[in-house]
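Here the structure is laid out as C-alpha cells; the discussion comes afterwards.
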Amino acid sequence: MAFHLNFYHEIHKQEERNRRDPVKLAWLGGLVLVICMALWYFYRLSEVSAVEARRNEVRRTWASLEPQGKDATGEEARLLALQKSNEELIARLHGRFYWAPFLEKLAAATPPFVQIVSLTGDLEAGRDKKQMVTVVVRGLSAGAQPRTAAEAYRRSLQESLGGIGTDISVVFDGNSLEDGAETVQFDGQALATASFRLRVQFTPKP
Amino acid sequence: MKLNLSKDQIQKTALAAMVAVGCLFYYFSEMIGPLAERETRAQKEMAALDPKIKKAKMQISRTQAVEKADPHAEEARRVLDAMRAKIPDMPPVAWFPTRLEAFLKQKGIAKPVFRAGTERKDPGIPGFEEASWSIELPQATFPVLGQALAALENQEGLLQITQLQIKPAAKEPDVHYAQITISTLVKRDK
C-alpha cells in the first residue's frame, strides 16, 4: 500500500474553512439581496414616474378643458336661446299672411252683378301658432234671381281662394242673404237685388 | 453542517442581522412604500379626472353640434342685421308714423291717422318687441289701397297686417275709408 503524505494539508484546510465561512457567505447573500432590492426600487421608481407623467398629462388636459367646458355650457344655453329666437324670426318672416293677394283674388272673383259694400278682415293666431283668417264681406247682388247670383258668387269665391289657403269656408253669415227692396240698373235693365254678408274663413298657406 | 462560531462572530452576526432588519424596514417604509403611495395617489387622481375630461369633451362637442345645427342661423343673421340697420334707435312713435306716412303718400294715399297700440308683446327675438299701430286711411280707393298694401307687405318683411276694414266713406261713396292694424318689430326700449 502506497503511503501518501499531503504537505499542503494546512493550506487545503484553510481554503476549506475560507469557502464555508458563514460570515462571508452572509455578506455575499446580503450583497446580492441589496443589488436585487436596488434594482426593484429603480424598476418601481420608473413605473411610478411613468404613472405620474401620465397623471401630469391628464392634469394639463383638464386644466385646458375645464374653462372650455364651462364656457361651452354657457355657450350652449346661449346658442339654444339664439336658435329659438332665430326660429321665431324666420317663422315670422316666412309665415306672414299677405293680404294683397287675398284682396286681388276677392276683386277678381267678384262679377259685375255683385258689389262689395264693405269688408272686415282679422288675422288671428291660435295657441298652436296656426293662423286663421276671418273676413266678413258685406255686399249686394243683382239679377233676375239675385239670391242665386249671390250663391254663385259665394261658390266662385270659395274656389278662387284655393291658392292661398286651406280649410276654406265661405258661408252666408246667419240668415244674412235677404232680398233687397230696391232695384238697380244694370245693362239698361232694372234688376232686383239681394244683400248678403259672407263669412270667409281659411288657414293661410305658408 | 454545524457552525462553530466564536463569541465575537456571534456578536457580529447578531449586529449584522439587526442592521439588515433596520435596512429592510427603511427600504420598505421609506423607499418602496412612498412609491406605492405616489402611484396610488396618481391613479386615484387620474380616475377622478377622466370622467370630468370626458364630460367636458362631450359638452364641447355638443355645443359645437348645436352651433352647426341651427338651420336658420345664416338667414336670421342677415335679417337681424338688416333690421338693426333699418330700425332707428329711437322710440317708434318718433319714426314709424313719419316713415309710413311718406310711403302712403308716395302710393297716393293721403291724410293717414296713426294710433299707437298700447299692448307691447315679446316676440321672442332678443332686443326687439312687437308694437301695434292702428292706421286710418280716410281717403283711399280700393285699387290704390290694394296696391299700397301689396307694396307695403313686400317692402316691410316683418310687418304684419292683423286687421283690415274697408268701407265706403260716409260723405263720398266713391271713396273708401280703410282702417288697418299693423304689428311690427321695433327695438326694445333700453
Side-chain angles (χ1 to χ4, degrees), chain A residues 20 22-23 26-27 30 33-34 37 40-41 44-45 47-48 51-52 54-56 58-59 61-62 65-66 68-73 75-76 79-93 96-101 103-104 107 116-125 135 138, chain B residues 1 3 5 9 12-13 16 20 23 27 31-32 35-36 38-39 42-43 45-46 49-50 52-53 55-57 59-60 62-64 66-67 69-70 72-73 75-77 79-80 123-126 142-143 145-147 149-151 153-154 157-168 185:
Chain A
R20 291 179 182 171
V23 177
W27 272 112
L33 187 66
V34 165
M37 283 163 67
W40 175 247
Y41 173 76
R44 287 287 296 140
L45 186 65
E47 264 188 347
V48 172
V51 170
E52 283 180 337
R54 223 166 47 237
R55 187 265 321 269
N56 290 343
V58 170
R59 268 185 189 169
T61 309
W62 173 238
L65 277 178
E66 189 185 15
Q68 286 180 39
K70 279 182 183 169
D71 289 350
T73 308
E75 184 69 0
E76 188 188 19
L79 284 171
L80 286 172
L82 182 67
Q83 202 169 340
K84 198 180 167 196
S85 73
N86 285 347
E87 206 176 304
E88 292 274 351
L89 183 67
I90 299 305
R92 188 182 171 93
L93 195 68
R96 283 202 308 155
F97 172 66
Y98 291 83
W99 284 91
L103 294 177
E104 189 184 8
I116 296 171
V117 177
S118 71
L119 74 86
T120 307
D122 275 296
L123 175 71
E124 289 169 15
V135 181
R138 283 183 60 231
Chain B
M1 186 180 67
L3 290 173
L5 298 174
Q9 281 176 324
K12 280 180 182 174
T13 305
C23 285
Y27 177 75
M31 292 172 78
I32 296 294
L35 276 183
R38 275 165 59 184
E39 187 179 31
Q43 279 171 340
E45 195 175 338
M46 279 195 295
L49 287 179
D50 272 342
K52 288 182 182 174
I53 288 171
K55 199 177 165 187
K57 279 182 178 171
Q59 178 64 60
I60 291 166
R62 198 167 59 222
T63 304
Q64 286 168 344
V66 168
E67 193 172 9
D70 188 355
H72 305 303
E75 191 180 4
R77 191 185 55 75
V79 172
L80 280 171
I125 302 165
F142 185 80
L145 179 69
Q147 284 174 8
L149 290 184
E153 286 178 328
N154 285 328
L158 292 164
L159 176 148
Q160 175 67 71
I161 297 170
T162 54
Q163 281 184 328
L164 171 68
Q165 188 186 7
I166 306 171
K167 61 183 183 183
L185 291 181

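Throughout, protein chains are lettered first and strands after them, A, B, ... in sequence-line order, and every chain is numbered starting at 1.
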Side-chain donor/acceptor of [X] to backbone N/O of [Y], under 3.5 Å:
X     : Y      : answer
A:E87 : B:H72  : no
A:R54 : B:M46  : no
A:W99 : B:L149 : no

Hey, what do you get for CD1 (B:I32) to CE (A:M37), rounding to the nearest 0.5 Å?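 Here the rounded value is 7.5 Å.
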Enter the distance from B:I60:CD1 to A:Q68:CD here, rounded to the nearest 0.5 Å.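 One gets 4.5 Å once the value is rounded to the nearest 0.5 Å.
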Heavy-atom contact with chain B under 4.5 Å, split by part of A:I90: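 It is the side chain, since no backbone atom gets that close.
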Counting only heavy atoms closer than 4.5 Å, note whether A:R138 contacts chain B via side chain, backbone, both or neither.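 Interface part for A:R138: neither.
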Just give me the residue among [options] that pairs up with chain A most often, heavy atom to heavy atom, under 4.5 Å.
options                       : answer
B:E153, B:Q165, B:Q163, B:K12 : B:E153
B:K55, B:K167, B:M31, B:Q147  : B:M31
B:E75, B:Q43, B:K57           : B:E75
B:L159, B:N154, B:D50         : B:L159
B:E67, B:Q64, B:Q160          : B:Q160

Would a 4.5 Å heavy-atom cut-off, applied to side chains only, mark [X] and [Y] as touching?
X      : Y      : result
A:V58  : B:I53  : yes
A:L45  : B:L35  : yes
A:L103 : B:L145 : no

Most contacts with chain B, counted as non-hydrogen pairs under 4.5 angstrom, among A:T120, A:L119, A:V117: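 The answer is A:L119.
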Could you have a look at A:N56, A:T73, A:L33 and say which one has the most heavy-atom pairs with chain B under 4.5 angstrom?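 Highest number of pairs under 4.5 Å: A:T73.
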Structural part of [X] lying under 4.5 Å from a heavy atom of chain A:
X      : answer
B:L185 : both
B:E45  : side chain
B:A16  : neither

Should the pair A:E76-B:R62 be classified as a salt bridge under the 4.0 Å nitrogen-to-oxygen rule?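 The answer is yes: the pair qualifies as a salt bridge.
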Hey, is A:R44 close enough to B:E39 for a salt bridge, meaning N to O under 4.0 Å?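 The answer is yes: the pair qualifies as a salt bridge.
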Looking only at heavy atoms, which two atoms of A:G69 and B:A56 are closest? And how far apart?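 It is CA-CB, 4.4 Å.
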